[in-house]
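Hydrogens, waters and symmetry mates are skipped; everything else that's a heavy atom, side chains included, is used. Numbered from 1 within each chain, the chains take letters A, B, ... in sequence-line order.
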Protein chains: 2
Amino acid sequence: MELGPIDRLSDRPPFRQIADHLRAAIDAGQLRPGDRLPSEAELKQHYGVARMTARQAIQELRSEGQVVAEHGRGVFVRQVPPVRRLASDRFARAHREAGKAAFLAEAEKSGFHPSVDQIEVTRTEAPAAVRERLRLDSGLVLSRSRRYFADDRPVELAVSYLPLAIAEGTAIAENNTGPGGLYARLEDAGHTLDRFVEEVTARMPTTEERRRLELQAGVPVLVVIRTAYDTAGTPVEVCSTVKAAPAFVLEYDFKAR
Amino acid sequence: MELGPIDRLSDRPPFRQIADHLRAAIDAGQLRPGDRLPSEAELKQHYGVARMTARQAIQELRSEGQVVAEHGRGVFVRQVPPVRRLASDRFARAHREAGKAAFLAEAEKSGFHPSVDQIEVTRTEAPAAVRERLRLDSGLVLSRSRRYFADDRPVELAVSYLPLAIAEGTAIAENNTGPGGLYARLEDAGHTLDRFVEEVTARMPTTEERRRLELQAGVPVLVVIRTAYDTAGTPVEVCSTVKAAPAFVLEYDFKAR
DNA sequence: CAGTGGTCTAGACCACTAA
DNA sequence: TAGTGGTCTAGACCACTGA
């Protein structure tokens with residue numbers, strides 16, 4: 001690990017130059033994922049700056065999500081966690097007929113151990129964005145909230161909203177929706193699924209999301225809002241998910257019409 | 001704007017408590033988009049802390065992307081820029097036949113003024129990820145790099161890679177690809193487009209990307225890698241795009257098979 | 001225990017903005 | 001010019017980690 005000197009005459013402030021050096025070392029592979037960066041004391045010594053200046057350089061890399069600080073241990077180049085691919089065939093009827101919900105089917109394909117917790121089923125007033133997508137003027141909806149894990153790491157928060165008229169009295173309103181999951185129960189109830197629309201955005205997580213997904217600072221989330229339509233063209237479910245961005249690649253396949 | 005006092009006995013450090021207060025004020029609508037936060041001097045006065053402590057509180061909100069600092073003016077609640085919806089029919093042949101490239105067709109639909117700059121056409125060795133998707137063992141590719149604007153705001157960086165065997169000698173190798181864009185030229189050359197696969201991820205931008213997209217700190221990017229296949233099932237183009245996340249909603253429509 | 005990062009203080013000088 | 005944020009210094013005490 002060789003770091004050059006900083007240029008005190010440059011317009012670029014010292015802390016940025018130090019950040020540049022460290023970033024370059026990471027890009028060049030001199031610092032590999034999991035490696036420890038020079039400590040604040042070492043940077044202070046090497047560059048002849050105050051400790052707060054060294055800290056500021058590190059802060060820059062942290063907010064870029066390039067490194068992770070561990071109290072008492074050091075600052076480390078981020079380990080890239082295994083990525084989960086979500087292909088657009090993840091809602092294939094074949095899976096449901098085999099009794100597998102989408103997340104379980106994915107787990108099997110990608111080879112991770114799936115689990116769910118924080119399941120909450122409530123009847124609430126639908127948020128405006130949900131009402132709009134479900135084409136409801138007003139009224140209550142059933143909301144199913146849960147958190148998904150891949151190998152004991154929380155990776156996704158999801159909330160499904162369904163019109164009460166559709167969900168009430170079915171297993172969708174139970175904690176356990178049974179084999180094939182929510183979509184299998186919708187089809188049991190006569191709502192054969194025809195198409196999905198997913199709206200994908202990214203943003204920084206709220207404090208609450210960061211806590212529930214155990215995200216380091218500087219890690220964005222993918223937000224996917226999926227609307228499911230039955231063969232009559234009626235929207236029957238809106239599912240809003242917040243996913244830890246580093247853990248996912250969403251794959252979509254479409255025809256050139 | 002009323003901010004309560006901090007609890008010096010709490011485990012939660014003062015700068016976090018101050019950040020909590022400001023965040024709550026934003027969430028509650030007491031501070032609306034565009035509003036100025038209390039200045040560092042005011043926070044210092046109000047809470048009885050050192051300036052660096054007040055700064056650290058503001059830094060927290062900045063890294064969350066909630067506020068934007070403007071040198072000499074103040075710190076402001078982020079204004080949400082208008083969003084561009086990208087539907088999966090954006091590559092419809094009808095557009096190409098009307099002489100419109102995808103970005104132009106989008107612009108027309110969403111009502112913004114489109115422009116492009118930093119067009120660079122080069123012959124380079126393809127990155128491994130591109131080679132893999134183009135099913136090339138080795139060899140040069142044509143790369144078309146450019147930056148897209150919506151109403152004079154840079155919103156997207158894009159690089160297309162095509163096998164030289166396909167692109168060489170066509171207008172794809174020119175700065176101006178002509179009416180209908182690159183995909184129209186591919187079809188002229190006998191590569192009728194059949195399907196696209198898009199892989200979507202999100203991450204924090206590199207310094208270079210932040211500069212070219214003029215992004216504030218704490219704003220993530222959407223990364224979309226699109227592979228275009230012709231009717232023979234041959235991958236003919238890989239397009240890698242980096243989009244300013246707050247400016248986009250990607251929309252995908254797929255059948256429940 | 002020594003070494004690490006986390007937080008805080010009380011100053012300083014600078015560059016930018018707007019009146 | 002006064003007020004804003006940007007950067008830097010040189011200390012301090014703390015909590016966490018690992019030998």
Side-chain angles (χ1 to χ4, degrees), chain A residues 1 5-22 31 34-78 210 216-218, chain B residues 1 5-22 31 34-63 65-78 207 210-211 214 216-218:
Chain A
M1 262 299 304
I6 57 175
D7 176 4
R8 289 242 99 135
L9 303 176
S10 164
D11 274 351
R12 196 156 179 81
F15 85 89
R16 281 192 196 283
Q17 294 186 45
I18 298 173
D20 290 345
H21 289 175
L22 294 171
L31 286 171
D35 283 359
R36 214 201 76 189
L37 266 59
S39 73
E40 295 173 358
E42 285 164 348
L43 292 175
K44 175 182 157 174
Q45 172 68 25
H46 177 83
Y47 289 109
V49 296
R51 184 180 160 211
M52 287 304 295
T53 305
R55 264 186 85 73
Q56 208 175 347
I58 291 172
Q59 173 55 39
E60 181 151 298
L61 299 182
R62 290 178 61 181
S63 81
E64 290 170 8
Q66 302 238 40
V67 301
V68 175
E70 295 185 34
H71 195 169
R73 302 214 321 126
V75 178
F76 301 84
V77 180
R78 189 186 292 282
R210 212 160 75 191
Q216 297 280 351
Chain B
M1 262 299 304
I6 57 175
D7 175 4
R8 284 277 170 178
L9 302 177
S10 164
D11 273 351
R12 197 158 177 79
F15 85 90
R16 282 193 196 284
Q17 294 186 46
I18 298 173
D20 290 344
H21 289 175
L22 294 170
L31 286 170
D35 284 358
R36 214 200 77 189
L37 266 59
S39 73
E40 294 173 358
E42 285 164 347
L43 291 175
K44 174 180 156 174
Q45 171 68 24
H46 176 83
Y47 289 108
V49 296
R51 184 181 161 213
M52 286 305 293
T53 304
R55 263 187 86 73
Q56 208 176 347
I58 291 171
Q59 174 55 39
E60 179 150 298
L61 298 181
R62 290 178 61 181
S63 81
Q66 301 241 38
V67 302
V68 175
E70 294 185 33
H71 197 170
R73 300 216 320 128
V75 178
F76 301 84
V77 181
R78 187 187 294 282
T207 311
R210 211 160 77 192
R211 190 180 56 71
E214 294 169 20
Q216 296 283 349

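The minimum heavy-atom distance between A:Glu40 and A:Arg55, with the atom names listed, is OE2-NH1, 2.7 Å. Summarising the geometry of B:Val49 relative to B:Arg8, their closest heavy-atom pair is CG1-NH2, 3.1 Å, with the distance given to 0.1 Å. In terms of heavy atoms, A:Ala19 sits closest to A:Leu61 at O-CD2, 4.0 Å.
Here the C1' atom of nucleotide D:dT4 and the CG atom of B:Leu37 are 13 Å apart, to the nearest Å. Atoms OH (B:Tyr47) and P (C:dT9) sit 14 Å apart, rounded to a whole Å. Rounded to whole Å, atom C1' of D:dC8 lies 16 Å from atom CG of A:Leu9. Atom pair A:Gln59:CD and C:dC8:P shows a separation of 14 Å (rounding to whole Å applied). Remark: C1' of C:dT7 and CZ of B:Arg16 are 10 Å apart, rounded to the nearest angstrom. In this structure, B:Asp11 places its CG atom 14 Å from C1' of D:dC16, rounding to the nearest Å. Distance CD (A:Glu42) to P (C:dG3): 11 Å, rounded to an integer number of Å. Regarding A:Arg62, its CZ atom lies at a distance of 9 Å from the C1' atom of C:dG6, rounded to whole Å.
Side-chain contact between B:His21 and B:Ile6: present, with at least one pair of heavy atoms (C-beta onward) separated by less than 4.5 Å. Side-chain contact check for B:Val75 versus B:Gln66: every heavy-atom pair is 4.5 Å or farther apart.
Among the atoms of the strands shown, none is found under 4.0 Å from any heavy atom of A:Arg12.
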Is there any protein nitrogen or oxygen under 3.5 Å from a nitrogen or oxygen in nucleotides 17-19 of chain C, and what are the pairs?
unit_1, atom_1, unit_2, atom_2, d
C:dA18, OP1, B:Arg73, NH1, 3.2

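Considering only side-chain atoms of A:Glu40, the nucleotide from C:dC8, D:dT4, C:dG5 that sits closest is C:dG5.
Taking the nucleotide of DNA chain C with the nearest heavy atom to each of A:Met52 and A:Val75, the more 5' of the two is matched to A:Val75. Where A:Phe15 and B:Ala41 each meet DNA chain D at their nearest nucleotide, the meeting point lying more 5' is that of B:Ala41.
Residue A:Arg55 places at least one side-chain N or O under 4.0 Å from the OP1 or OP2 atom of C:dG6. Put simply, A:Ser39 has a side-chain N or O that comes within less than 4.0 Å of OP1 or OP2 on C:dT4. Side-chain N/O atoms of B:Thr53 include none lying less than 4.0 angstrom from OP1 or OP2 on C:dT7.
Within 3.5 Å, a donor on the side chain of A:Arg51 pairs with an acceptor on the base of C:dT7, or the reverse.
Rounding to the nearest 0.5 Å gives a distance of 10.0 Å between CD of A:Gln59 and CD of A:Glu64.
The environment of CD in A:Gln45 is sparse: at most 12 heavy-atom neighbours from other residues, nucleotides or ligands sit within 6.0 Å.
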